[in-house]
Amino acid sequence: MTEKPAQSGGKPVVRFAPSPTGYLHIGGARTALFNWLYAKNTGGTFLLRIEDTDRERNNEAAVTAILEGLKWLELDWDDEPVSQFSRAGRHREVAEAMLARGHAYHCYSQPTEIEAAREAAKAEGRAQIFDSPWRDRDTKDAPAGVRPAVRLKAPRSGETVIKDHVQGTVTVPNKDLDDLIILRSDGNPTYNLAVVVDDHDMGVTHVIRGVDHLTNAARQTQIYQAMDWRVPEFAHVPLIHGADGAKLSKRHGALGVEAYRAMGYLPAALRNYLVRLGWAHGNDEVIATPQLIEWFGLDGIGKSPARFDYAKLTDLNGHYIRTTRDAELVDRIADILPEIDGGPELAAKLAAGGREKLLAAMPSLKERAKTLLELVDGAHYVFACRPLALDEKASAVMDASAKDTIGKLVRRLEIVTDWQAAALEAAVRAFAEETGAKLGKIAQPLRAALTGRTVSPPVFDVMAVLGREEALARLEDQAS
RNA sequence: GCUCCCUUCGUCUAUCGGUUAGGACGCGAGAUUUUCAAUCUUGAAAGACGGGUUCGACUCCCGUAGGGAGCGCCA
């Protein structure tokens with residue numbers, strides 16, 4: 001691959017550049033989302049690059065997990081993902097060019113010396129930057145048999161200014177930036193060089209990433225300047241913290257997006273939640289994706305870190321569940337069944353004609369579920385086998401008088417010809433009126449007999465979904 | 001330690017010098033109701049602290065405190 005101009009016709013080119021060290025965690029997902037939204041908003045291009053220059057840490061499974069995570073989140077990218085490692089030759093080429101221009105030099109210092117120098121600096125309370133003695137030394141003095149690393153000859157004085165769309169203008173004194181290594185002694189490029197070369201060659205115009213890269217932006221700016229390349233626009237977004245304010249770690253909810261998938265969250269809900277962590281558009285909370293694309297902009301991103309809050313995510317997910325089509329919900333449930341408790345059994349039932357029943361139950365189910373898992377739990381009654389096992393509360397409801405009531409009700413329901421919720425309700429209400437009982441007194445026993453629980457969708461909907469035969473049979477089971 | 005950044009209800013946030021500081025989640029109360037949800041009404045709940053600037057500061061400046069990020073031949 002050689003240099004190629006931005007093939008976007010003046011439109012922005014952004015990229016998401018994860019390193020394949022694990023799954024796509026929630027912070028990375030948000031970074032990807034911001035990039036994606038920015039590309040969509042501007043009609044630009046969203047590229048993917050896998051930062052796999054560290055061969056020891058490279059991991060095929062991680063690459064797959066990241067791509068799968070992005071797909072699940074429905075963040076589609078343009079072109080094929082670029083492997084940074086595959087471009088090592090070009091990176092070396094650029095390092096050579098920098099050497100030729102006098103913007104880089106060979107450094108023969110050994111890791112042990114560097115470490116010692118850092119320790120000394122720390123002890124004296126100075127910034128722990130390494131000042132290579134080879135910066136201005138003649139290479140003729142080079143020790144024999146030592147392969148040098150290549151360092152950037154960074155400016156010693158002055159300051160490097162980063163104009164950032166989120167952080168504002170950030171100024172870093174050059175004396176605080178050491179001569180970073182751009183080529184390891186084994187000839188392989190390091191991250192900062194690779195990023196600059198790739199972003200340049202890929203025509204990246206806007207670099208949107210986590211603030212943890214802010215100081216890298218200063219170093220990378222120096223490389224751009226050394227090469228006389230145009231520095232891209234930067235937007236360093238704040239990090240996401242765990243609920244306790246501590247850094248998001250594996251123990252603090254930095255789960256891969258697939259974990260959220262398995263918890264029954266919808267991608268649209270997660271996107272909506274994630275974008276609101278650090279970005280706002282007035283008082284809007286539930287924002288459909290097309291609207292999000294229209295409204296999204298770098299200006300709306302705040303600078304302070306946010307904490308991850310499951311309660312709000314869950315609430316948002318409930319909104320999306322209620323507005324998602326029934327068939328799609330059934331499909332999404334089917335998708336995650338292999339990963340959840342009792343999922344395989346349900347999958348078998350779905351395959352054996354249960355899908356239609358679940359679909360029929362969905363309208364009343366989705367009104368009261370906040371996650372797909374709750375949906376599955378709510379659907380328990382649909383697939384329960386006779387005779388139903390009543391849970392503790394349901395058994396308590398099912399006392400002698402309840403059984404007696406159900407016995408009488410069965411006779412009334414048997415003669416209902418139109419087995420629909422409305423007709424069934426009319427029949428039960430008529431019965432209630434005659435006996436002077438409150439509807440609640442009758443509905444609860446019905447619910448217990450029909451579902452085995454005290455909480456369920458409206459009983460008349462339940463009867464309709466179950467069908468005449470099954471519903472009456474369940475009632476007979478409990479009648480005395 | 002050094003550099004940079006951050007600080008509005010418990011949480012996510014609005015406010016771009018003048019508001020009774022708004023919304024959302026969560027929490028409390030009520031309404032509705034066949035349970036649970038949903039929905040509606042409603043309550044409690046915030047400008048870290050100290051100095052300036054200004055007729056007037058949440059908003060601008062300085063300092064303090066607290067928090068975060070970075071300081072690799074990792075990315």
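Below, read A as the first sequence line, B as the second, and so on, with proteins coming before strands; counting in each chain starts at 1.
Rounded to whole Å, the C1' atom of B/C58 lies 11 Å from the corresponding atom of B/U7. For B/U35 and B/G23, the C1' atoms lie 32 Å apart once the distance is rounded to whole Å. Across the P atoms, B/U20 and B/C25 are found 25 Å apart, a figure rounded to whole Å. Here, B/C12 and B/G47 have their C1' atoms 16 Å apart, quoted to the whole Å. Comparing the C1' positions of B/U59 and B/C16 gives an interatomic distance of 8 Å, to the nearest angstrom. Straight-line distance between the C1' atoms of B/A48 and B/C6: roughly 12 Å, to the nearest whole Å. Atom P of B/C9 sits at a distance of 23 Å from the matching atom of B/U64, rounded to the whole Å. Annotation: B/G51 and B/A45 have their C1' atoms spaced 29 Å apart (nearest Å).
For the pair A/Glu328 and A/Arg332, the salt-bridge criterion is met [side-chain N within less than 4.0 Å of a carboxylate O]. Using a cutoff of 4.0 Å between basic side-chain nitrogens and carboxylate oxygens, A/Asp178 and A/Arg151 are not scored as salt-bridged. Of the charged side-chain nitrogens involved, none lies within less than 4.0 Å of a carboxylate oxygen, so that A/Asp52 and A/Arg87 do not count as a salt-bridged pair.
When heavy atoms are screened at a 4.0 angstrom cut-off, A/Asp284 is found touching no nucleic acid atom at all. Among the atoms of the strands shown, only primed sugar atoms or phosphate atoms (P, OP1, OP2) are found under 4.0 Å from some heavy atom of A/Thr171. Counting non-hydrogen atoms under 4.0 angstrom, A/Pro457 reaches a base of the nucleic acid. Base contact: A/His213 has a heavy atom under 4.0 Å from a base atom. Among the heavy atoms of the strands lying under 4.0 Å from A/Gly278 are primed sugar atoms or P, OP1, OP2 only; no base atom is included. Using a 4.0 Å heavy-atom cutoff across all strands shown, A/Leu214 reaches sugar-phosphate atoms only and no base atom. Heavy atoms of A/Lys370 sit under 4.0 angstrom from primed sugar atoms or phosphate atoms, though from no base atom. As judged by a 4.0 angstrom heavy-atom cut-off over every strand, A/Thr112 is placed among residues making no nucleic acid contact. Across all strands, A/Val459 comes closer than 4.0 Å to base atoms (heavy-atom distances). Residue contacts shown for A/Tyr273 are absent, as no nucleic acid heavy atom lies under 4.0 Å away.
A residue-by-residue look at A/Ser456 and A/Ala306 shows that A/Ala306 has its nearest nucleotide of RNA chain B further toward the 5' end. In this structure, A/Arg151 and A/Arg447 both approach RNA chain B, and ranking their closest nucleotides by distance from the 5' end singles out A/Arg447.
Nucleotide B/U7 forms a Watson-Crick or G-U wobble pair with B/A65, both donor-acceptor distances falling under 3.5 Å. Base pairing analysis places B/U32 opposite nothing; no Watson-Crick or G-U wobble pair with both distances below 3.5 Å involves it. The partner of B/C27 is B/G43, judged by Watson-Crick or G-U wobble contacts that both fall below 3.5 Å. Base pairing of B/C58: no nucleotide in any strand meets the Watson-Crick or G-U wobble criterion (both distances under 3.5 Å). In this entry B/G1 has B/C71 as its Watson-Crick or G-U wobble partner, both defining distances falling under 3.5 Å. B/A37 is unpaired under the Watson-Crick or G-U wobble criterion, no partner having all donor-acceptor distances under 3.5 Å. Remark: B/A21 base-pairs with no nucleotide in the shown strands. Criterion, Watson-Crick or G-U wobble with two distances under 3.5 Å.
Picking from B/U34, B/A24, B/U7 the nucleotide with the shortest atom distance to the side chain of A/Glu285 gives B/A24. Here the side chain of A/Arg219 is nearest to one of B/C71, B/G26, B/U3, namely B/C71. Each of B/G22, B/A24, B/U35 was ranked by its minimum atom distance to the side chain of A/Arg368; first place goes to B/U35. Of the candidates B/C25, B/A38, B/U34, B/C25 carries the atom nearest the A/Asp315 side chain, counting heavy atoms from C-beta on. Residue A/Arg322 places its side chain closer to B/U39 than to any other of B/U11, B/U13, B/U39. Taking only side-chain atoms of A/Glu367, from C-beta outward, the nucleotide of B/A38, B/U35, B/G23 with the closest atom is B/A38. When each of B/G68, B/A75, B/C6 is scored by its nearest atom to the side-chain atoms of A/Ser304, the top-ranked nucleotide is B/C6. When distances run from any side-chain atom of A/Lys312 to the nucleotides B/C36, B/A75, B/C25, the shortest one goes to B/C25. Comparing atom distances between the A/Asp176 side chain and each of B/C2, B/C12, B/C5 picks out B/C2 as nearest. Comparing B/U13, B/C73, B/U34 by their nearest atom to the side chain of A/Arg276 picks out B/U13.
Atoms CZ (A/Arg307) and C1' (B/C9) sit 13 Å apart, rounded to a whole Å. Rounded to an integer number of Å, the gap from CG of A/Leu439 to P of B/U35 is 8 Å. Atom NE2 in A/His165 sits roughly 18 Å away from atom C1' in B/C5 (whole-Å rounding). For the pair A/Asn174 CG and B/C2 P, the computed distance is 20 Å after rounding to whole Å. In this structure, the CZ atom of A/Arg30 is 12 Å from the P atom of B/C12, given to the nearest Å. Rounded to an integer number of Å, the gap from CG of A/Leu274 to P of B/U13 is 12 Å. Taking atom CG on A/Asn216 and atom P on B/G70, their separation rounds to 9 Å, with Å as the unit. Spacing between atom CG of A/Asp377 and atom P of B/C36 amounts to 16 Å, rounded to whole angstrom units.
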Using residues 360-367 of chain A as the side-chain source, report each donor-acceptor pair under 3.5 Å to any protein atom, sequence neighbours left out, with the distance given to one decimal.
residue: A/Ser364; atom: OG; partner: A/Ala361; partner atom: O; Å: 3.2
residue: A/Lys366; atom: NZ; partner: A/Thr324; partner atom: O; Å: 2.8
residue: A/Lys366; atom: NZ; partner: A/Asp326; partner atom: OD1; Å: 2.8

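For A/Asp212 against B/G70, no side-chain N or O and base N or O form a donor-acceptor pair under 3.5 Å. Under 3.5 Å, the side chain of A/Asp52 and the base of B/A75 form no donor-acceptor pair of N or O atoms. Residue A/Ser185 places a side-chain atom within donor-acceptor reach of the base of B/C73, judged by atom type and a 3.5 Å distance cut-off alone.
Less than 6.0 angstrom separates the ring centroid of A/Tyr273 from the ring centroid of A/Phe308. The distance between the ring centers of A/Phe296 and A/Phe34 falls below 6.0 angstrom.
Checking the phosphate oxygens (OP1, OP2) of B/A69, no side-chain nitrogen or oxygen of A/Thr215 falls inside 4.0 Å.
A/Val237 pairs in a side chain to side chain contact (heavy atoms under 4.5 Å, CB included) with only one of the listed residues (A/Asp164, A/Leu298, A/Ile208, A/Val211), which is A/Ile208. With A/Arg474 as reference, A/Leu450 is the one residue of A/Thr451, A/Val462, A/Leu450, A/Leu446 to meet the side chain to side chain contact (heavy atoms under 4.5 Å, CB included) rule.
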**Message:** Working note: A/Arg156 + A/Asp131, criterion side chain to side chain contact (heavy atoms under 4.5 Å, CB included); need CA distance, chi angles, decisive distance, verdict.
**Reply:** CA-CA 10 Å; A/Arg156 275 273 161 86; A/Asp131 197 6; 2.5 Å; yes

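Side-chain contact between A/Arg15 and A/Val195 is present, with at least one heavy-atom pair separated by less than 4.5 Å.
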